[in-house]
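Input: a single structure, listed below in structure tokens.
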Amino acid sequence: MSSVAVTLELPDWSFERLGNPDEATLQRLVVEALVAGLLRTGRAEVDEARRWLGLDDTPGAMDAFLQAHGITVGGTGGDDGA
């Protein structure tokens, strides 16, 4: 699998506001924010978002993400894994 490296410069105060996360945690926060934004604007589908997030097919995994980010998708509010 190939990937693209992105350099993100954050002011000290914003990094501190995030709780001074380690690199892996910061990467996860950025990916989750990106995916949430793409879902909100309709630029990504739920299945695509699941792949971006590395979520398995466990029922409720995607629903938990959607709920945590206040995202409603389609008529059911998310993907129940069914």
Side-chain angles (χ1 to χ4, degrees):
M1 172 172 73
S2 63
S3 63
V4 175
V6 177
T7 300
L8 179 65
E9 293 187 29
L10 297 174
D12 289 340
W13 65 265
S14 64
F15 186 73
E16 291 168 4
R17 175 70 172 90
L18 293 170
N20 299 312
D22 60 35
E23 185 176 342
T25 301
L26 182 58
Q27 181 178 354
R28 182 66 183 188
L29 289 170
V30 170
V31 169
E32 286 184 3
L34 174 63
V35 171
L38 292 172
L39 284 167
R40 283 189 187 102
T41 60
R43 295 180 65 195
E45 299 291 329
V46 171
D47 286 340
E48 182 180 21
R50 180 185 285 115
R51 287 191 308 269
W52 277 50
L53 296 168
L55 297 177
D56 56 20
D57 291 330
T58 302
M62 194 63 197
D63 271 341
F65 173 82
L66 295 171
Q67 185 176 15
H69 292 277
I71 300 169
T72 301
V73 178
T76 64
D79 171 37
D80 63 6

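Numbering of residues begins at 1 and proceeds along the displayed sequence.
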- Determine whether Trp52 and Leu39 make a side-chain contact, defined as any pair of heavy atoms from C-beta on separated by less than 4.5 Å. no
- Joint cluster assignment, Leu26 & Leu8, ILVMFWY side-chain distance < 4.5 Å: yes
- Item | Neighbour count above 12 (heavy atom, 6.0 Å) for Asn20 CG | yes
- Task: Could you tell me the separation between the CZ atom of Arg43 and the CG atom of Leu34, rounded to the nearest 0.5 Å?
- Result: 9.0 Å
- Query: Got a sec: does the CD of Glu48 have more than 12 other heavy atoms crowding it under 6.0 Å?
  - Reply: yes
- Query: Rounded to the nearest 0.5 Å, what separation is found between the CD atom of Glu32 and the CG atom of Leu53?
  - Reply: 6.0 Å
- Indicate yes or no: at least one non-hydrogen side-chain atom of Val30 is less than 4.5 angstrom from one of Val6. no
- Minimum heavy-atom distance between Ala61 and Leu55, given as atom pair plus value: O-CD1, 3.9 Å
- Shared hydrophobic cluster for Leu29 and Met62 (ILVMFWY, side-chain gaps under 4.5 Å): no
